[in-house]
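Have a look at the structure below, then the notes.
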Number of protein chains: 4
Amino acid sequence: MPDEEQRPPERARRLPRAVRERQILDAAVQVFSRHGYHSASMDEISEVAGVSKPMIYTYLGSKEDLFGKSIQREATRLLEAIQAGVQPDLPPDMQLWHGLRSFYRFVAEYRESWTVLHRQALTVGGAFAAEITAMRTRAIELVAALVVSAGTRKGLAQQAEFSGAGLSAALVGAAESLADWALDHPEISDGVLASWLMNLVWLGFNDLVEGEVWKPRPGETASEG
Amino acid sequence: MPDEEQRPPERARRLPRAVRERQILDAAVQVFSRHGYHSASMDEISEVAGVSKPMIYTYLGSKEDLFGKSIQREATRLLEAIQAGVQPDLPPDMQLWHGLRSFYRFVAEYRESWTVLHRQALTVGGAFAAEITAMRTRAIELVAALVVSAGTRKGLAQQAEFSGAGLSAALVGAAESLADWALDHPEISDGVLASWLMNLVWLGFNDLVEGEVWKPRPGETASEG
Amino acid sequence: MPDEEQRPPERARRLPRAVRERQILDAAVQVFSRHGYHSASMDEISEVAGVSKPMIYTYLGSKEDLFGKSIQREATRLLEAIQAGVQPDLPPDMQLWHGLRSFYRFVAEYRESWTVLHRQALTVGGAFAAEITAMRTRAIELVAALVVSAGTRKGLAQQAEFSGAGLSAALVGAAESLADWALDHPEISDGVLASWLMNLVWLGFNDLVEGEVWKPRPGETASEG
Amino acid sequence: MPDEEQRPPERARRLPRAVRERQILDAAVQVFSRHGYHSASMDEISEVAGVSKPMIYTYLGSKEDLFGKSIQREATRLLEAIQAGVQPDLPPDMQLWHGLRSFYRFVAEYRESWTVLHRQALTVGGAFAAEITAMRTRAIELVAALVVSAGTRKGLAQQAEFSGAGLSAALVGAAESLADWALDHPEISDGVLASWLMNLVWLGFNDLVEGEVWKPRPGETASEG
DNA sequence: TATGAATGAGTATTCATTCAT
DNA sequence: CATGAATGAATACTCATTCAT
């Protein structure tokens, strides 16, 4: 029962395929993020997209296909957003900070994308979990590589007490978890979130307790939130 | 098609209600952890439990109820396991370390419990997310309170750069993420996992890079894995 | 929308599984014979059976399964009916005649069974066609064996002009075709139908034209239609 | 997903209507014979024809129309082929034999046509069955008339034991059934097939058993396969 | 107490058919 | 003339849930 009063974007107008596909993917991300994979219905997606169900199947395949393509698009967006924020000629800590800022900015701006990626992608067994894990791995390598390698140069990884992969997993988990927390605290800017995390992983409780604080150095960032 | 010749545990015997409920919850946790909330079917649960479906409804209510009660039982188990591990008369860092060890031991031993709590509970909208969040909050307060409060004594929280809640969320996220990672690396003992995390959150990269390493002090732990 | 005024057999009463299965198969044969495999809808079958769709799936499986089981049951019925009619101690021609009579009696009495077997079973590709072909083959061997072997004894099959299998196929086709024709001419008794066919395949046009006629010999048949 | 690089026959070229219609009917017969009426999709037909779906609807109407026209065209072809083979100045048995040969030649050469006519046309309720029956009737009258009338001259039909229509139905059924059988035995020539059938219906088992055999008389046939 | 029997309600998917260009 | 774009309508199948026994 599509409401007559609110017409979704350009219903039933003959639009080129590419446009329709975008519309559908937008709707899919929205609906999947709201209800999760299983509870989302193709009916609702088609309604939100302003497109009939057959079009979805024609253009993007089955529900599973659609979910996969949604995931993929959003994952790409997220990684690109992060990469765009990193400035390779800065010192490692500043790079990490900038990467984190981009990440939190993305999460704030594209809540739905983040929800789909972080929460919903895990609910579907196998294939998607793998895809998400792959993306997470890329994220780990992208964001944390610099830190780990920085440490490695000084012999960090050589110590028996340490595992690069395990540490990276922990770091990414911390960043994600803080992102989730931040969704309920929109008043905290991405710069501050990034700084918090830097204090945690860069300085650690010990230094914090001693009164040391990590701060982004001025001149190295355009707009602090 | 369950063959008649292989009888599931105690099928159709008159058993006291409490026993039945435990059987059912055990089965529910198992099945939910395998397939997730939506894909799990009451049929499979009843089959695994060796109990007819009407019994499940009589004893534990709807599927949603059943899931909620599963979550609750496992959450309690987890918290109790952690609490049992903490020794209040040790210094804060050792307390944290012991708590983390208990946590990783629990995850390793009760994979299914952990899966249900960590992965599956999020897939169901609203009610359960809240319950899980509550448990997480309790976990944060339980495990991290000492650290944060330790810092607070020295004025940590007063600094604008810092948020107890946010930091705790990050810490818990790190611990969870490392737990997930550890599921695929069973050769890493819980003591080592806990130490890694201590190095991350207690010392931070900066100190690590400088060559400092956090270690549990001997005599304060019974069996290091 | 099941009509309230005409209640199908015992709707919603708790009946033993075997009874339900029979009801469902009866309905399936009816509906499949009317509309063919593809056009038949599970909804209609369930309605006719006086049973909800889930029961059908629980008891008899998918639509394809259901069709297969319908076919099988009717094929068995048909073959048994024919076998029951044959009297092995009679001369070959009388045996054939009796077999044919049984066949035509069955077709007249169980129109729907015959329709499903003869018409509808071919519409579904592969698996069922094979099954039907198998049954046809059994029929050929059952009914025509005596004739062919009778001929063989005198060297019939040795002649290059002849193929047992091909001839049998033709004979069965003739019998089936006449059965179809008879459906529209219910006034012709099964005895007469069988006699016609005997005249065709036993005597052939040549002898008929010469005035010879094949007739069942009296005393060898109970009730001539 | 038809690739752009491999163009189906003459796609999108302006062609006269008659040509298009033939292309479409050819494709339709092909697809209908492969999948049957219901499983055949207009999409596949349009693809095979190299013509867009709207053209099919414009030129030949609905799916049902299309099927009907396919049937009609093939039926006409078949009848014409048979008629072309009959030579009216020969004796009845030779006429019948020649007609049968033409029939088997056609079936061998145009498998798809035959499949559509014999198998698929029956799967669609009502309208088409009638059309096919009509054609069958014409076939009966065409091929069998001579035989029956030959017999009639000598009083055959007068005998109570006999029905021209029923016998014809049986004869046609035998011929068809043998045609089906022959599809799986392409090594048997049309001449031999026709001879087999002649032996069955002309001489009958009785004479065959006695050693009599019907043979086409030399000089009356051009090329025996 | 315990369960086999039964179903209402919902969902993904497909296909013949038709506009707008 | 010719078609890519679009959909209404139908259908097989599943699952949580509840009686009647």
Side-chain angles (χ1 to χ4, degrees), chain A residues 2 10-17 19-21 38-46 50-59 61-66, chain B residues 11-17 20 38-46 50-59 61-66, chain C residues 2 10-17 19-21 38-46 50-59 61-66, chain D residues 11-17 20 38-46 50-59 61-66:
Chain A
E10 307 290 330
R11 180 167 197 112
R13 298 239 164 248
R14 241 23 91 98
L15 292 182
R17 177 171 181 149
V19 176
R20 284 286 188 228
E21 288 193 350
H38 285 103
S39 301
S41 85
M42 295 299 269
D43 269 309
E44 185 176 353
I45 294 175
S46 90
V51 155
S52 71
K53 268 188 296 177
M55 293 244 61
I56 301 182
Y57 284 90
T58 304
Y59 286 168
S62 72
K63 188 183 183 183
E64 208 170 320
D65 291 342
L66 181 57
Chain B
R11 185 172 195 103
R13 298 228 170 263
R14 300 288 166 106
L15 291 181
R17 175 163 183 153
R20 284 277 191 235
H38 285 102
S39 301
S41 86
M42 295 300 272
D43 269 307
E44 185 176 353
I45 293 174
S46 93
V51 157
S52 73
K53 272 189 295 179
M55 292 240 60
I56 300 182
Y57 283 89
T58 304
Y59 283 169
S62 72
K63 187 184 186 185
E64 208 170 321
D65 291 342
L66 182 57
Chain C
E10 306 290 330
R11 181 169 197 109
R13 298 238 166 247
R14 244 16 97 96
L15 293 181
R17 177 170 181 147
V19 176
R20 285 287 188 225
E21 288 192 351
H38 285 103
S39 300
S41 84
M42 295 300 270
D43 270 309
E44 186 176 352
I45 293 175
S46 89
V51 154
S52 71
K53 265 186 299 175
M55 293 243 62
I56 302 182
Y57 284 91
T58 303
Y59 285 169
S62 72
K63 188 183 184 182
E64 208 170 320
D65 291 341
L66 181 57
Chain D
R11 183 169 197 106
R13 296 228 171 264
R14 300 292 166 103
L15 292 180
R17 173 160 184 154
R20 285 277 189 234
H38 285 103
S39 301
S41 85
M42 296 299 271
D43 269 307
E44 185 175 353
I45 294 174
S46 93
V51 158
S52 73
K53 272 188 295 178
M55 292 241 58
I56 300 181
Y57 284 89
T58 304
Y59 283 169
S62 72
K63 187 185 186 183
E64 208 170 322
D65 291 341
L66 181 57

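The figures that follow rest on heavy atoms only: side chains count, while hydrogens, waters and symmetry mates do not.
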Over how many whole Å does the gap from [X] atom [atom1] to [N] atom [atom2] extend?
| X | N | atom1 | atom2 | answer |
| --- | --- | --- | --- | --- |
| M55(A) | dC19(E) | CE | C1' | 13 Å |
| L15(C) | dC19(F) | CG | P | 19 Å |
| I56(A) | dT14(E) | CD1 | C1' | 14 Å |
| E21(C) | dA6(E) | CD | P | 11 Å |

Quick one: label R17(B) by what it contacts on the DNA or RNA (base, sugar-phosphate, nothing), any heavy atom closer than 4.0 Å.
nothing
Nearest-neighbour nucleotide for the Y59(D) side chain, dC1(F), dG4(F), dT7(F) considered
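Minimum distance to the Y59(D) side chain belongs to dC1(F).
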Hey, does the side chain of R14(A) come within less than 4.0 Å of dG4(F)'s phosphate (OP1/OP2), counting only N and O?
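Result: no.
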Between R20(C) and dG4(E), is there a contact of a side-chain N or O with OP1 or OP2 at under 4.0 Å?
no
Would you tabulate the pairs of protein nitrogen or oxygen atoms and nucleotide nitrogen or oxygen atoms of nucleotides 10-13 of chain E closer than 3.5 angstrom?
{"unit_1": "dA12(E)", "atom_1": "OP1", "unit_2": "A40(A)", "atom_2": "O", "d": "3.3"}
{"unit_1": "dA12(E)", "atom_1": "OP1", "unit_2": "K63(A)", "atom_2": "NZ", "d": "3.0"}
{"unit_1": "dA12(E)", "atom_1": "OP2", "unit_2": "M42(A)", "atom_2": "N", "d": "3.2"}
{"unit_1": "dT13(E)", "atom_1": "OP2", "unit_2": "Y57(A)", "atom_2": "OH", "d": "2.9"}
{"unit_1": "dT13(E)", "atom_1": "OP2", "unit_2": "K63(A)", "atom_2": "N", "d": "3.0"}
{"unit_1": "dT13(E)", "atom_1": "O4", "unit_2": "K53(A)", "atom_2": "NZ", "d": "2.7"}

Using side chain to side chain donor-acceptor pair (under 3.5 Å) as the criterion, list what pairs up with K63(B), not counting sequence neighbours.
none
Residues that [X] engages under side-chain contact (heavy atoms from CB on, under 4.5 Å), provided they are two or more places apart:
| X | result |
| --- | --- |
| S41(B) | D43(B), E44(B) |
| E64(A) | Y37(A), S62(A), F128(A) |
| Y59(C) | R17(C), R20(C), E21(C), I24(C), M55(C) |

Would you name the heavy atoms of S52(B) and S46(B) that are closest together and state the gap between them?
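Closest pair (atom of S52(B), atom of S46(B), distance): C-CB, 4.2 Å.
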Which residue lies more 5' along DNA chain E, comparing P16(C) with P54(D) via nearest heavy atoms
P16(C)
Using the criterion of both pairing distances under 3.5 Å for Watson-Crick and G-U wobble pairs, give all stems of 3 or more consecutive pairs involving DNA chain E.
E:2-21 with F:2-21
